[in-house]
Amino acid sequence: MENIFSKTWDAKGNEEKIYSTWEKAGYFRPEIKFSKQYTVNGKQYTEEDYSEDKNGKPFVIPIPPPNVTGKLHIGHAMFVTLEDIMTRYHRLLGEPTLWIPGTDHAGIATQSVVDRDLRKKGIKKNEIGREKFLEKVWEWKEKYGGKITRQIRRLGASCDWSRERFTLDDGLSSSVNEAFSLLYKKGLIYRGNYIVNWCPRCGSAISDDEVEHRAQKAKLYYFKYDKSFPITIASTRPETKLGDTAVAVNPKDERYKEFIGKEYRIELDGVKRTVKIIADRAVDKEFGTGALGVTPAHSPIDWKMAEENGLEVIKIIGEDGKMTAQAGEKYKGLSVKDAREKIISYLNNAGLMEKEEEIENNLAVCYRCETPIEPLPSLQWFVSMKPLAEKAKKAVESGDVKIIPKRFEKEYFHWMDNIRDWCISRQLWWGHRIPVWYKRDAKLKVESEKLKVDQKASGASEALEASEAGNVYVGENPPKGWTQDPDVLDTWFSSALWPFSTLGWPHFAEDKVGNPKSEYRNPKQIRNSNDQKLEANSWQLKADSDSLGFTPYDYQYFYPASVLETGYDILFFWVARMIMMGIELTGKPPFHTVYLHGLVRDEHNRKMSKSLGNVLDPLDIIDEYGTDALRMGLVVGATPGQDVAVGKSKIKGYRNFSNKIWNASRFVALRVSDGDLVSGEIGSSKIEDLDIDENILTDADREVLKVHKLTKSKVKEHLDKFQFSLAGEALYDYFWHTFADVYIEEAKEQLLGENPKYEARNPTRLAYARAKREQIINSNDQNGILNQVQDDDPKKLKSYLPEDATRQQSSSLGGLQAGNLHPVSDNTKKILLKILSETLIMLHPFVPFVTEAVWQELREIYPKLSESIMIAEWPLTTTSTTRIHRTD
RNA sequence: GAGCCUGUAGCUCAGUUGGCCAGAGCGCUUCGUUGACAUCGAAGAGGUCACCCGUUCAAGUCGGGUCAGGCUCACCA
């Protein structure tokens, strides 16, 4: 033991070994707890008692799946730490606990990374074609796919890797297809030609949520289409005016009242159009000339006006970012930028330009590549969101889903109230190909340049179904010879299914496997005795379950999840959509609680960025200070939804804390065994159950036991309320400043077996500790829980006060006789061991590695400790209540 | 334009439904320490809790307003 128990905690040399021991032992799989026998207050409890108590309810967290080819960053470290704390805590509480890991295929992100890589090698994706390119992406995935999960392991994540999922797995892909089909059949998915956000660089449509707005300086040009046109318009994008079919003015604008309803034939640099003057309240009289050139095809507002006024939609910019033939011979094929220059010089030369003005406006850009968005009409697939949003909103309103912190519920409602249909098709190759087949050929996506705005509102699918009847197949078994839609689904579509697709939905949903809930309510039955049972029942889906890696009842037992933990930045992208899809497809919200953490910033609260050079690489930190230190640094001081400042000095402080845990425990281990270890023995008595003799407690003993008890109740309360920072802080403070600074120092005296002293070695410090404890009790006690820690006889406590401290305190030693001093040091050893081991358990969710290392050392002295701290029992807060309910 | 959040010690932040003589870590000052730990200990300095008004026996905490910083959403061409 001595060689392992070195003077300082060697995180680097131990963490990976410890992790692989855990993983090999299978502690991350929820079934490990089911075979356990419980003994509480000397009574045996069967597994059935246990499951009744919990209503068979497991604790489940679906991981926010990182990009499969991604690299670990501090944001990952944040969510892994928080989720691991919850997972380990609930596991220690004895609940069947499942944290499902997995990765996301990350459509555009992965495709463009591989594309870039191939280009460097001189390979162009359009030349090698779809099949070959996808092979390359899969190769890339095989090569780099394991990296992120290995790195997540280094953070100590106790996920059940045997259930690891990838969004493009067979199982998940079939969930995606099934979800698409179901929604299509319900009329919640439709195809239509609508104006979408087109990213010319990604070469794909993107959803409204993927568009960001950047403030920019722009030029506003004032001009007329031609000399004969009566109204001057203002535009920042004169090149789009080639597609104008109307001019909109405010109905209250006196200047233009007389023109409303009239039509004009105009000719703009050779392009002839009919322009109607329409009235729309959205037009600001004060902006520009108060007259807006309406370009239905290339502006979302204009599109809406066109819908309302039955205007012609003329697409003058194509998906390639170049002007189409509709823009006229002079402009066809020009880039948007060139077209703008050309038309500006035309307007100037023709004497149509009246003035230019510098203004500030917002530019819509792609959130991935920052490329300016080109709005254009395109034939795409959409999810009709309003019906989904209504239910999703109710789930939060009713409290079925709780969002922490609460203020995000407001943002959530606002988003739901203002929701628009979700464009889910992407013109990419990497992803879930849309499960739709067409009878004729794949070129259904004709370049329609002259389109009437589809009258069909979202949700009304009859019209489309009629037109598609017999020509479109949606599902997994297409008729022979039909052609599949070339597009793939938005990555967030599969992410939205994550909490249930990872568990086997829809293959193992109730209607597919019957309802075995009553029989298989607790998976311990599956694990312990059911392999045979399943075979005996020759259960038909078993083969499927084996090939997909699910157990048949995962979905029914583990769904819905308990907590969904992630950063607030993807509340809408991911969380909101999961709630919508979960309710629609499974009939229940996919989780009960949403915990949103803040973003990690540098120590001066600046955003981490490469250009500032303040990026913290979690792997570097782990190498330098250890995982435990990183985890504490991330969690302490972080309140939900609030960004947290993390710098090296903070993490260094928690490295010191890890070392403190190590050394305090080292002290206990060495002193308790007196360096001369006989297993199970303490001095003259056996350790057994650490039955502390209450009659010979010293002042210090009493004090530390009280603070210990207080800490237990505080920590549990905080953890139950998702107050991880406060729990971590309370443990830190107690361990360092009471257990180590006060009690260990006092224990040094009490352990002098020959001639122990009973007076406090440092009465001032003890009094100080006591005062602090009382203050905590007084200020925190709401329900009277903490009062249980109050002293029975306040008078006795006077002896703690400094002025009385020199008094002989042997009275507090009860019946202890002068010649019988040894029991005190034995008792001290037991107290040290007891409170240390309990504290280690509470610390374990925060600092899993050092606590496990120390635990293993303590097992040498006290073999009754569980074989791993991971599967220990959370210390009971009170003696009167047991956490296992007996039915008799 | 709409909504939300933040403003507490030099720095980064805690402070749960109002009861604090206002806390932590880092930093700073002084002292100590060969025996678990210099990755340590003890003592200490440092705050009109942004500002103003109000509710209350009591306000960092609740209400109204002002100022400052930040975030989200949004069709100002």
Side-chain angles (χ1 to χ4, degrees), chain A residues 5 7-9 208-209 211-213 218 220-221 233-237 240-241 247-248 280 282-284 286-295 299-305 359-362 364 375 405 407-411 413-415 417-418 568-569 571-572 598-599 601-605 607 625-626 629 632-633 636-639 641-650 652-671 717-718 721 723 725-726 728-730 732-733 736-737 740-741 744-745 747-748 762 764-765 768 772 775-776 778-780 782:
Chain A
F5 231 146
K7 275 189 110 174
T8 52
W9 161 237
D208 292 340
D209 296 287
V211 177
E212 284 183 355
H213 299 274
L220 184 65
Y221 301 93
I233 57 166
S235 173
T236 52
R237 296 196 59 188
T240 63
K241 300 297 105 184
V247 164
D280 195 300
V283 179
D284 182 354
E286 309 301 320
F287 189 89
T289 61
L292 159 70
V294 180
T295 320
S299 156
I301 339 151
D302 298 11
W303 175 271
K304 213 175 143 197
M305 291 182 190
I359 59 158
E360 284 232 331
N361 71 350
N362 283 320
R407 67 186 148 91
F408 281 100
E409 291 186 357
K410 282 181 195 163
E411 286 192 20
F413 292 141
H414 185 259
W415 188 77
D417 287 338
N418 295 287
Y568 63 76
D569 51 332
L571 176 61
F572 306 132
L599 309 182
R601 291 162 166 273
D602 81 354
E603 53 203 323
H604 302 294
N605 216 353
K607 232 176 194 163
Y625 302 109
M632 279 298 275
V636 176
T639 30
Q642 207 64 38
D643 292 352
V644 59
V646 178
K648 279 201 173 182
S649 69
K650 187 175 179 190
K652 198 173 156 190
Y654 290 109
R655 187 270 317 267
N656 296 354
F657 180 56
S658 303
N659 196 56
K660 192 76 186 178
I661 296 173
W662 178 256
N663 271 298
S665 306
R666 183 165 163 247
F667 168 86
V668 172
L670 296 174
R671 287 304 187 85
E717 197 185 336
H718 287 317
K721 288 180 173 173
Q723 295 168 328
S725 175
L726 294 178
E729 237 183 294
Y732 175 96
D733 185 61
W736 199 318
H737 299 303
D741 288 352
I744 284 187
E745 292 307 314
K748 284 174 183 172
N762 187 338
T764 319
R765 184 166 52 195
Y768 197 78
K772 198 167 147 192
Q775 193 188 348
I776 291 166
N778 291 335
S779 66
N780 276 314
Q782 296 149 25

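Per chain, numbering begins at 1; letters A, B, ... match sequence-line order.
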In whole Å, I'd like the distance from the [atom1] atom of [X] to the [atom2] atom of [N].
X	N	atom1	atom2	result
A:Asp209	B:U72	CG	C1'	12 Å
A:Leu726	B:C13	CG	C1'	12 Å
A:Leu292	B:A77	CG	P	10 Å
A:His737	B:A43	NE2	C1'	14 Å
A:Asp284	B:C75	CG	P	16 Å

Please enumerate all protein N or O atoms sitting under 3.5 Å from an N or O of nucleotides 2-11 of chain B, with distances to 0.1 Å.
none

Test of understanding: with salt bridge (Lys or Arg N to Asp or Glu O under 4.0 Å), list the residues that count as partners of A:Glu411, not counting sequence neighbours.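 Residues passing salt bridge (Lys or Arg N to Asp or Glu O under 4.0 Å) with A:Glu411: none at all.
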
Assigned glycosidic conformation for B:C28 [threshold 90° from 0]: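 Anti, angle beyond 90° from zero.
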
Could you please name the partner base of B:C67, counting Watson-Crick and G-U wobble pairs only when both distances are under 3.5 Å?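 Here B:C67 is engaged in a pair, and the nucleotide opposite it is B:G7.
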
Partner residues of A:Tyr625 under the ring pair (Phe, Tyr, Trp, His ring centres under 6.0 Å) criterion, sequence neighbours left out: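 Here no residue qualifies.
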
Which part of the nucleic acid, if any, lies within contact of A:Ala248, taking any heavy atom under 4.0 Å across all strands shown: a base, the sugar-phosphate backbone alone, or nothing?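 A:Ala248: no heavy atom of the nucleic acid under 4.0 Å.
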
Test side-chain contact (heavy atoms from CB on, under 4.5 Å) applied to A:His604 - qualifying residues, sequence neighbours left out: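 Scan of A:His604 (side-chain contact (heavy atoms from CB on, under 4.5 Å), adjacent residues dropped) gives A:Asp602, A:Arg606.
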
Residues in side-chain contact (heavy atoms from CB on, under 4.5 Å) with A:Asp569, at least two apart?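 For A:Asp569 the side-chain contact (heavy atoms from CB on, under 4.5 Å) partners, ignoring immediate neighbours, are A:Leu599.
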
I'd like to know if A:Lys650 reaches the base of B:U12 with its side chain such that a donor and an acceptor end up less than 3.5 angstrom apart.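 Result: no qualifying N/O pair found.
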
Partners meeting side chain to side chain donor-acceptor pair (under 3.5 Å) with A:Arg237 (sequence neighbours left out):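 A:Glu239, A:Glu374.
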
For a quick test of reading the model: is some side-chain N or O of A:Asn656 closer than 4.0 Å to OP1 or OP2 of B:C40?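 Indeed, a polar side-chain atom of A:Asn656 lies that close.
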
